[in-house]
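In the text below, chain A, chain B and the rest are named by the order of the sequence lines, each starting its count at 1. Heavy-atom basis, side chains included; hydrogens, waters and symmetry copies ignored.
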Amino acid sequence: MATDTNKFQAIISHCKEYGFIFQSSEIYDGLSAVYDYGQWGSELKKNIRDYWWKSMTQMHENIVGIDAAIFMHPTTWKASGHVDNFSDPMIDNKDSNKRYRVDHLIEAHADLLEKEGKKAEADALLASMDALLAKDDLAGLKTLIEDSKIKCTVSGTANWTDVRQFNLMFSTQLGSVSDEASEIYLRPETAQGIFVNFLNVQKTGRMKIPFGIAQIGKAFRNEIVARQFVFRMREFEQMEMQFFVRPGTEDQWYEYWKAERLKWHLSLGIPAERYRYHDHVKLAHYAKAACDIEYEFPIGFKEVEGIHSRGDFDLSQHQLYSKKKLQYFDNEINQNYVPYVIETSIGLDRTILLVLSEAYTEEDLSTPEKQDSRVVLKFPPKLAPIKLAVLPLLKKDGLPEIARQIMDTCKPHFYCFYEEKDAIGKRYRRMDAIGTPFCITVDHQTKEDNTVTIRYRDSMQQERIPINKILEIVQKQIN
RNA sequence: GCGGAAAUAGCUCAUUUGGUAGAGCGAUAGCUUCCCAAGCUAUAGGUGGCGGGUUCGAGCCCCGUUUUCCGCUCCA
């Protein structure tokens, strides 16, 4: 796997130095795996978000968007399987690095004792375990494991970590009185907000299968290991679409969305060889088929987006737990059924890292006379935080006034940036560093014939254009 | 979570065995400048991640902690 650690480090530094991404709460030493988007990072994020949203909703007549709350009824997560799969105390063996569920480990040891004819000892052990589990006494559980001399079956040692409660979901209290009943979770995925609103949207939108519901929003996972910059964060943003189809047609729709989503990535102008599909062999509890779209980051091929065929798992589960019918009457076949679901789920933060990785370029511009280089972010113009910089060549002779007029004309249409400080070359380079695709320079000739030079970021070429063509030229490139 | 490495100015890094911190780039202000990091002048930025300890004295040694990166592990 080709990796380029130096490039990854350089991108992280660049992101901080030029106002894209900062570590959260940095003045307090930061918070692990939590990041803030700065002035240009937030623009970039918004542009990517908007591009996805538009391509999903506006461009598909049968897909609509929603914006569900982060807080959801606690039963949601019982139905989805999130509570049961992630609430058991675990312990790791330090030598084999194997992780065990504490109850499984102790029960296995009790079985062993029983086979050795020590039934009383085994029963006592299980009784102690149940008492400790009931009290959530994790330290007590570890002591129990150590006192019983329970060994790892792989390493054969009793070199254990502390017992820890693994729950990927963050919990908090709803209401000011904290008791068991009011505990709720921050959603670990946005998908459930779509499933619980399936009927609302289908009925009020008069949606006919096949149709989709899209959503963009924050999700929270208390990852054990969260690393690699914004690639894996504890608070992150997902862009998801659940596509509801007639049972029996799910395979063709799965293939359709697999292809369709890759097309979206390629529409950003990113070379196809940077992407690959990774089909899952081992499937999650809900999945019938699943694949990832992986992008070749500087740290290797990594998942950016998942396409999953979820069957009727989610809607059926919610139907079971809520006791509300979540079905669709299909006029074409005259049948009621729980629709099958194809999910496309892309990480917004990962997409930002993808776009940054693709855009980040160090160029050597040296000539025999002079050493020269630049760092340029070659964003697709439609994603660039700033679309146009307006630069008077000199800050005198009335040039700033003309530049200001151009600013006023363009500002309402796209993000513009005005700058008169420093030599023109330096200003160009500064714009390169934050990925501004176009620079307009006002010079003395402008006063005579109302033309300016437009300088292109990637080629560094310039051409002379009339002032009244600026809007048209830039807008053509960013749409 | 295990193991490894690291943390000094916005960035990249110095500070040779412990003696109260510097550079380049960048930034800000001004002068100059007719198209690619130019030049000149001035200015601002660090209780050396944080907390203890050893010492007459710690950026440097020791312990803890936080954060980051790498490998393994995990990843609905």
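For the OP1/OP2 pair of U33(B) and a distance below 4.0 Å, the side-chain nitrogens and oxygens of Lys396(A) include at least one atom meeting the criterion. Note on Gln23(A): a side-chain N or O is less than 4.0 Å away from OP1 or OP2 of U68(B). At A38(B), one or more side-chain N or O atoms of Lys426(A) fall inside 4.0 Å of OP1 or OP2 (strictly under the cut-off). Contact check, Ser80(A) against A76(B): no side-chain N or O comes under 4.0 Å of OP1 or OP2. Taking only side-chain nitrogens and oxygens, Lys421(A) never comes nearer than 4.0 Å to OP1 or OP2 of G30(B). A close approach under 4.0 Å does occur between a side-chain nitrogen or oxygen of Arg430(A) and OP1 or OP2 of A27(B).
Minimum atom distance to the side chain of Arg232(A) is reached by C74(B), of the listed C74(B), C35(B), A38(B). Among the nucleotides U28(B), C69(B), C35(B), the one closest to any side-chain atom of Ile12(A) is C69(B). Listed nucleotides U28(B), A38(B), G49(B) differ in distance to Asp29(A); the shortest reach to its side chain belongs to G49(B).
Under 4.0 Å is where a charged nitrogen must lie from a carboxylate oxygen, and between Glu305(A) and Arg261(A) at least one such pair does. Of the charged side-chain nitrogens involved, at least one lies within less than 4.0 Å of a carboxylate oxygen, so that Asp372(A) and Arg429(A) count as a salt-bridged pair.
Taking the C1' atoms as reference points, G46(B) lies 30 Å from C31(B), given to the whole Å. Comparing the P positions of G52(B) and C60(B) gives an interatomic distance of 14 Å, to the nearest angstrom.
Panel note: side chain Arg187(A), backbone Ala69(A); a donor-acceptor pair is recorded below 3.5 Å.
With sequence neighbours left out, the side-chain contact (heavy atoms from CB on, under 4.5 Å) criterion links Val196(A) to Met72(A), Thr76(A), His318(A).
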Extract from the structure each pairing of a protein N or O with an N or O of nucleotides 10-14 of chain B at less than 3.5 Å, listing the distance.
from   : atom 1 : to       : atom 2 : distance (Å)
G10(B) : O3'    : Lys16(A) : NZ     : 3.4
C11(B) : OP1    : Lys16(A) : NZ     : 2.7
C11(B) : O4'    : Glu17(A) : OE1    : 3.4
C11(B) : O2'    : Glu17(A) : OE1    : 3.4
U12(B) : OP1    : Ser13(A) : OG     : 2.9

**OP:** Using Watson-Crick or G-U wobble pairs with both distances under 3.5 Å, give me RNA chain B in dot-bracket, 5' to 3', with [ ] for crossers and | for pairs to another strand.
**Re:** (((((((..((((.....[..)))).(((((.......))))).....(((((..]....))))))))))))....
